[in-house]
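Structure first, then comments.
None of these values were measured; they are calculated from a predicted model. Letters A, B, ... are given to chains in the order of the sequence lines, protein chains preceding strands, and every chain is numbered from 1.
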Amino acid sequence: MPNIKLPDGKNINFSKKVNGLEIAEKISKSLAKEALIMSVNNDLKDLSFEIEKDSSVKIFTSKDKEGLETIRHDTAHILAMAVQELFPGTQVTIGPTIEDGFYYDFSRKEPFTQGDLKKIEEKMSEIVDRNETTRREVWNRDKAILHFKKIGEKYKSEIINEIPEGEEVSIYFHGKWHDLCRGPHLTSTGKIGKNFKLTKVAGAYWRGNSNNEMLQRIYGTSWASKKDLENYIKRLEEAEKRDHRKLGKEMDLFHFREESPGSVFWHEKGWNLFQKLIDYMRSKQKAAGYKEINTPEILDRSLWEKSGHWEKFGEHMYTSTTPDDKVFAIKPMNCPGCVQVFNQGLKSYRDLPLKMSEFGKVHRYEPSGALHGLLRVRAFTQDDAHIFCTEDQITEESLSVTNLILGIYKDLGFENIILKYSDRPKVRVGEDKVWDKSEAALLKAVKASKLEYSVNKGEGAFYGPKIEFVLRDAIGRDWQCGTLQVDLNLPERLGASYVDKDGSKKVPVMLHRALFGSLERFIGILIENYSGKLPFWLSPLQVMVIPVSDDFNDYAEKINKKISDTGITSEVDLKNHNLNYKIREHSMSKVPLLLICGKKEVDSNSVTIRRLDSNKQENMELKTFLKKFADLSKAPLN
RNA sequence: GCCCUUGUAGCUCAGCUGGUAGAGCAAUUGAUUUGUAAUCAAUAGGUCCGCGGUUCGAAUCCGUGCGGGGGCACCA
C-alpha cells in the first residue's frame, strides 16, 4: 500500500505497487503523455519501475533538465542501435550525454563517413518509428561478462568487469537490441522524438588514454522540440560567424602560413591592436607599482637545467645549437630570466614586494593537433609579471593582482568573471607547512575578492597553489585567461635571496601572474566576443573618411589630416568607387565610424557620421566631432 | 602526437568516371562623379601544397611529406 508523496506536498495512496506511468496518470492525462522518467526518493528511475514502499516521487518531462538528458541518453542508445544494424561487427563502447548533446564511441575498422551519418540518421528515425519497448533486466556479473564476450563486445565485458562487486549490472533492451547501461531510460524508442542530428565523426582514445586504441566517436545533438534544435543550430552558426580566424582575415589583422605553423604574421592593423593593448596594460601596471623589465629570448641550457624546465618541460622547448656546439633554449617561460634580474645586485626586505613585469615572447613546441588560430599557438607574448615578496605579503599582493585583473577585464568589456582555486597536487615540492601557509593566504585573497569561485582539489602546480581567472564572453562561452600562482620552488632553485631585518639571508616567495596569459589568445577572444566590432578605442582603424565624389577629395583629405592630428586613427578613401560601395566595404571590415563628406559638409565645415551597424546619419561640425571623439579614441585610463 | 577530413588565382569556390584549368569578388586600365551596404566594360592573373609512383597522358589514381579543419590526447 505505497503512499506516494509528490513535490507539491500532495499524497496519493495506492492499494498495490505502482509504477511511474500510473502515478502520472493519476495526476493528469497530459502529464502521463509527457512523462519521461521519474525520481523515487531522489534516485532517477525508469517510469516502469515499480514502487512498493512509501516514497517521494517526482515526474520529469522534456522541460526538465533530467528529462532532456534522458532524451539525449536514449538518442545515444538509438544511435548505437542504428550503427549496429547498418554495420554489423561494429563494437559499442560508451555513449554518454554531454553539454547540448551526446556521443557514442565505436570500434570498427572502416571509418564512418559523412555519408554514413546520413544513413545512420535515417535508420535512427526508423527505430523511433518502430517504437520499440524498453525493458530493464538485472544480470549476474559473470553471466553478463560471458554474454558480451560471446557476442564479440570486448569493451562492454571490460566495463562490466570493472563494476564494483555488489553493484547491479543492469541491461537495457530496446526490442532485441540491448546494452549494458545504468539507465534510466524512456519507456520506448518513440519517446525521444526526432529532434536530433548527428553532427560529426571524430577519433577518440578508448578510456581517454593516448596509449589505447583509437575509437570512432559520433557526436550528435538531441532536443525536446524542433524549435530547440533549430535554436541550437543557430547558436553554432553564430559562433562560426564570430570565428576570429575568419574575421582576422576579413579585417586584415593577421595571417598564418606554412613556414611557421602556430606563429602569427601580424599585419599593420592587427599589430596596432596588439600595441594598443600593451600600451594600455603598461599604463595600468605602472600605476599599480610594477617595474617593467625585459629578458633574453635565448638562454643557456644550464639555466633551464637549474630551473627544472629542462627536465619537466623539455619536450616542449625549442633548442638551438650554435656553430661552436653550445646548447641554448628559446624561452618557453619568462620566470627564470626574471629571477636572474632579481638576483642581480643585493636585495633587501625593504625592496619587497618587488613587482617586475615583462611582455615576454615565449616559444613552446605544442603538439600539432593542439594548434588553433590565435587561441593556441607556438609563439606568444605573455603579459607576465613576477612578484617577489614575503610569505606574509601573499594575501595582500594576491588581492592587488585580482583587483588589477578585474579592472582591466572590465575596461575590455568582460564583467562576468569566475575564479578557480587549485590547491596542492599529489606530486609536489616544498614542505607541507609552507603549503599550508600559502594555500591559506591565497584562499583568503580569493574569498576577499567576493567573486564566485570553485575549488579544484589537487590541481595546483607542483610548485604552488594557484588561482585562474575565467571570463565569460558575449555568447556565454568561458575562457580561462589570467592566472596567479604561488611559487615555493623556483626562487630557491635559482638562488634568489634578500637580506632581512636581522641581517640574515632569506628566500623570497615568488608570485607568477599573467593578466590575459597570452596577448595573441586574448586578441582572439576579443575578436570573437565583439564579433570583430571592437570598442572604438581598440579599433585598429577608427575612422574612414569618404568623399561623396571626386569633387570633395580635398575636403576629405583635409579633415582626415585634422582627425589624425588629434591621435585618432583615420584614413581617407579616394578610390574611384561610389558611396554605396565604400560604405559596404568599410562596414564589412568593421570600421566603427564612417565620415561622409560632400557639398553639404564642405559648406558647413562639418562631417556626417555613420556608425557601424547603424544607418542613421549624424551631422556635426568638425570641431564638435574632434572634441567628442578625441578622448573616446584613447584607452580608458583614469 | 593519434583518428577522420581537406589543400585549385589575393579571397570564396566549381572542375562527374584521368585528356595540362574555370566563375564571382579583389587587382590593373578605361568610362562614370555618384548622398548612406556591390556602377559598367576591358585586361592581366595559376609549379592545381611539395616530392615520388602508376599511366601514352595526372588537379583528378596510389604512396609519402608539409599545412589547414573537426575531434581525442596535451595545455607543464
A/D550 has a side chain; which of B/U34, B/A37, B/U33 sits nearest to it?
-> B/U33

Run the ring-centre check on A/F87 versus A/F112 and record whether the distance is less than 6.0 Å.
-> yes

In whole Å, what is the span from the CD atom of A/E618 to the C1' atom of B/G35?
-> 16 Å

Below 3.5 Å is the cut-off: list the nitrogen or oxygen pairs between protein and nucleotides 8-14 of chain B, distance only.
{"unit_1": "B/U12", "atom_1": "OP1", "unit_2": "A/K249", "atom_2": "NZ", "d": "2.9"}

Mind checking what makes ring pair (Phe, Tyr, Trp, His ring centres under 6.0 Å) contact with A/F380, not counting sequence neighbours?
-> none

What interatomic distance, in whole Å, is found between C1' of B/U60 and the corresponding atom of B/C48?
-> 10 Å

To the nearest 0.5 Å, how far apart are CD1 in A/I233 and CD in A/E230?
-> 7.0 Å

Letter per nucleotide, 5' to 3', of nucleotides 61-76 of chain B [B base touched, S only sugar-phosphate touched, - untouched; heavy atoms, 4.0 Å] = -----SSSSBBBBBBB

If you measure from the P atom in B/G15 to the same atom in B/A23, how many Å do you get, rounded?
-> 15 Å

Rounded to the Å, how far apart are A/D105 CG and B/C2 C1'?
-> 14 Å

Kindly list each side-chain donor-acceptor pair under 3.5 angstrom involving residues 308-316 of chain A, sequence neighbours excluded, with atom names and distances?
{"unit_1": "A/H309", "atom_1": "ND1", "unit_2": "A/S307", "atom_2": "OG", "d": "2.6"}
{"unit_1": "A/H316", "atom_1": "ND1", "unit_2": "A/Y365", "atom_2": "O", "d": "3.3"}

How long is the line joining CD of A/Q216 and P of B/C4, in whole Å?
-> 8 Å

Aromatic ring proximity A/H267/A/F254, centre distance under 6.0 Å = no

Complement of B/U29, any strand, by Watson-Crick or G-U distances under 3.5 angstrom | B/A41

Pick the C1' atom in B/G18 and in B/A37, then give their distance to the nearest Å.
-> 45 Å

With both distances under 3.5 angstrom, what nucleotide forms a Watson-Crick or G-U wobble pair with B/A76?
-> none

Nearest atoms (heavy-atom pairs only) where A/G517 meets A/D383 | N-OD1, 3.1 Å

If you look at every strand shown and take non-hydrogen atoms under 4.0 Å, does A/T113 touch a base, only sugar-phosphate, or nothing?
-> nothing

How far, in whole Å, is B/C61 from B/C2 if one measures between their C1' atoms?
-> 26 Å

How about A/E259: does its CD atom have over 12 heavy atoms from other parts shown lying under 6.0 Å from it?
-> yes

For RNA chain B, find the residues of residues 85-97 of chain A with a heavy-atom distance under 4.0 Å and give them by number; none if there aren't any.
-> none

Could you run down nucleotides 39-48 of chain B 5' to 3' and tag each one B, S or - for protein heavy-atom contact under 4.0 Å?
-> B---------

How many Å lie between CZ on A/R610 and P on B/U36, as a whole number?
-> 9 Å

Taking side chain as C-beta onward, heavy atoms only, is A/K200 less than 4.5 Å from A/Q114?
-> no

In whole angstrom, give the distance that lies between atom CZ of A/R611 and atom P of B/A37.
-> 17 Å

Stepwise side-chain hydrogen bond (donor to acceptor under 3.5 Å, both in side chains) check, A/E468 with A/Y421 = CA-CA 6 Å; A/E468 272 149 353; A/Y421 165 79; over 6 Å; no

Step by step, would you call A/D473 with A/W479 a side-chain hydrogen bond (donor to acceptor under 3.5 Å, both in side chains)?
-> CA-CA 8 Å; A/D473 78 4; A/W479 304 93; 3.1 Å; yes

